[in-house]
Protein chains: 2
Amino acid sequence: MTGRPTVPTAEPGESVLRRAADAGLRLTRARRAVVAALEACTGPTTAADLAERLADVPISSLYRSLAVLVDAGVVARVHETEGIARFELAEAVAGHHHHLVCRSCGTVIDVRPTPSADDTVAGIVEAEAARHGFTATGHHVDIEGVCAACRTP
Amino acid sequence: MTGRPTVPTAEPGESVLRRAADAGLRLTRARRAVVAALEACTGPTTAADLAERLADVPISSLYRSLAVLVDAGVVARVHETEGIARFELAEAVAGHHHHLVCRSCGTVIDVRPTPSADDTVAGIVEAEAARHGFTATGHHVDIEGVCAACRTP
DNA sequence: CCGTAGAATGAGAACGAATCTCAGTTGGGG
DNA sequence: CCCCAACTGAGATTCGTTCTCATTCTACGG
């Protein structure tokens, strides 16, 4: 099975931290702040952007918190471009989604495919993987385009 | 139109360099070597890997050649993970394809979707883009899984 | 409610991929 | 064949990210 884990669990907030705790992590101020900041984003976010929103979290702490949360499976490091990493809540927490990337301004936003659309994609993906001896465990779809704001200046 | 530009143009070799020349680039030894090395790969390749294969091309020259070829539209910088960029021939030259990423050994290989499968994906992708005010210009599908070699040790 | 073990923090140093600089070299149009 | 702008090469530099280590805090047992 490749796609869509479960539907958007009402308010992630709680469950994210609970998962982190279950993974044996302490729920420190920095980690709560990082999770809260990620929840407030509409798409994968750079460490620099997070650092700006979390002015009181030192950069070394921010990166360590992100690394630990990635290890715990509640945050994902995705969509690196131009040598800059972006972070988002993991699909296990935020639900499966695709990314719309504006080739002009670089913004990335999440889009949630309809269940039937994603079933179709998952089926295709699994067939391709199988044809090459792979066992598929997931897929990522990045849609490149131009956003409304950049198209009409 | 989102996907699959044209079918695998017989032997890329020539056409890649011609495109580069058409874009106003000089066909220097370093650039020929980089293109040849990329053609020999089965998937996106790191600069370090290329440097190893092209021992006589200094690292600064390698990166510059790659940057220039990316600008010319014949090479694509894709699939960065852990802060390391990977390069491959652009889809305009190599044809549209998806990526199979082994989560165990990290290898990335290209897979060419069947025309009908990719039409389906392109349609879904376009609908999603349109729903969010984007004009889609392309899509990338990364399939995460475990390769045959890693599954049976 | 308090003490404590050990996990987590914070400031800065260190690391490494990628880019830049600049003097010397070379491709290819004229 | 000549010339000059494009390109190269070695090394310095940048900057995102990770590491180090003394200090602080969390969460658990008493």
Side-chain angles (χ1 to χ4, degrees), chain A residues 14 16-38 44-72 74-88 106 108, chain B residues 14 16-38 44-72 74-88 106 108:
Chain A
E14 293 285 289
V16 179
L17 292 170
R18 189 166 312 128
R19 270 173 184 269
D22 289 352
L25 301 186
R26 287 191 188 171
L27 302 181
T28 64
R29 194 150 32 84
R31 291 174 187 178
R32 289 173 199 275
V34 169
V35 169
L38 285 173
T45 311
T46 63
D49 195 355
L50 289 170
E52 199 173 327
R53 294 166 196 239
L54 305 171
D56 55 333
V57 177
I59 197 73
S60 61
S61 217
L62 171 59
Y63 275 110
R64 213 175 353 186
S65 297
L66 286 168
V68 155
L69 292 166
V70 168
D71 273 356
V74 295
V75 168
R77 179 178 177 161
V78 297
H79 213 287
E80 293 177 46
T81 48
E82 338 243 289
I84 299 174
R86 286 174 180 266
F87 299 86
E88 67 177 5
V108 184
Chain B
E14 293 285 289
V16 178
L17 293 170
R18 189 165 313 128
R19 270 173 185 269
D22 288 352
L25 301 186
R26 283 191 191 171
L27 302 181
T28 65
R29 194 150 31 85
R31 291 175 188 177
R32 287 174 200 275
V34 170
V35 168
L38 285 173
T45 312
T46 63
D49 196 352
L50 290 170
E52 200 172 327
R53 295 164 195 241
L54 305 171
D56 55 333
V57 176
I59 196 74
S60 61
S61 216
L62 172 57
Y63 274 111
R64 208 161 0 146
S65 296
L66 286 168
V68 156
L69 292 166
V70 168
D71 273 357
V74 296
V75 168
R77 179 178 178 162
V78 296
H79 214 284
E80 292 178 47
T81 48
E82 339 241 290
I84 298 175
R86 286 173 181 265
F87 298 86
E88 67 177 4
V108 185

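These values consider heavy atoms only, across backbone and side chains, with no hydrogens, waters or symmetry-generated copies. Lettering of chains follows the sequences in order, A, B, ..., and the numbering in each one begins at 1.
Rounding to whole angstrom units, CZ of residue Arg32(B) and C1' of dT26(C) are separated by 13 Å. Distance CG (Leu50(A)) to C1' (dG16(D)): 14 Å, rounded to an integer number of Å. What separates CG of Asp71(B) from C1' of dA6(D) is a distance of 15 Å, to the nearest Å. Spacing between atom CD1 of Ile84(B) and atom C1' of dC15(C) amounts to 13 Å, rounded to whole angstrom units. Spacing between atom CZ of Arg26(A) and atom P of dC25(D) amounts to 12 Å, rounded to whole angstrom units. With rounding to whole Å, Leu17(A) atom CG is found 15 Å from dT26(D) atom C1'. The distance from atom CD of Glu82(A) to atom P of dC20(C) is 12 Å, rounded to the nearest whole Å. dA7(C) atom C1' lies 10 Å from atom CG of Leu25(A), rounded to whole Å.
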Arg86(A) vs Thr46(A), test: side chain to side chain contact (heavy atoms under 4.5 Å, CB included). Steps then yes/no. CA-CA 4 Å; Arg86(A) 286 174 180 266; Thr46(A) 63; 3.9 Å; yes

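With rounding to the nearest 0.5 angstrom, the CG atom of Leu50(B) is 8.0 Å from the CZ atom of Phe87(B).
Considering only the side chain of Ala85(A), dT17(D) comes nearest among dA27(D), dT8(D), dT17(D).
The backbone N or O of Leu27(A) sits less than 3.5 Å from a side-chain atom of Arg32(A), completing a donor-acceptor pair.
Nearest approach of Gly83(B) to Arg77(A), heavy atoms of both residues: N-NH2, 3.8 Å. The heavy-atom pair separating Leu69(B) from Arg31(B) by the smallest distance is CD1-O, 4.5 Å. Closest non-hydrogen pair, Ala51(B) versus Ile59(B), comes out as CB-CD1, 3.9 Å.
Under a 4.0 Å N-O distance rule, the pair Arg53(A)/Asp49(A) qualifies as a salt bridge.
Contact annotation: Arg29(B) does not reach the phosphate of dT26(C) (side-chain N/O to OP1 or OP2, under 4.0 Å). Taking 4.0 angstrom as the limit, Arg86(B) places none of its side-chain polar atoms (N or O) nearer than this to OP1 or OP2 of dA18(C). Taking only side-chain nitrogens and oxygens, Thr28(B) comes nearer than 4.0 Å to OP1 or OP2 of dT8(D).
A heavy atom closer than 4.0 Å to some atom of DNA chain C occurs in Pro58(A), Ser60(A), Ser61(A), Arg64(A), these being the qualifying members of residues 57-66 of chain A.
Residue Ala30(B) is in sugar-phosphate contact alone, with no base atom involved, counting any heavy-atom pair closer than 4.0 Å across all strands shown. Residue Ala48(A) is classed as having no contact, given no heavy-atom separation below 4.0 Å to the nucleic acid.
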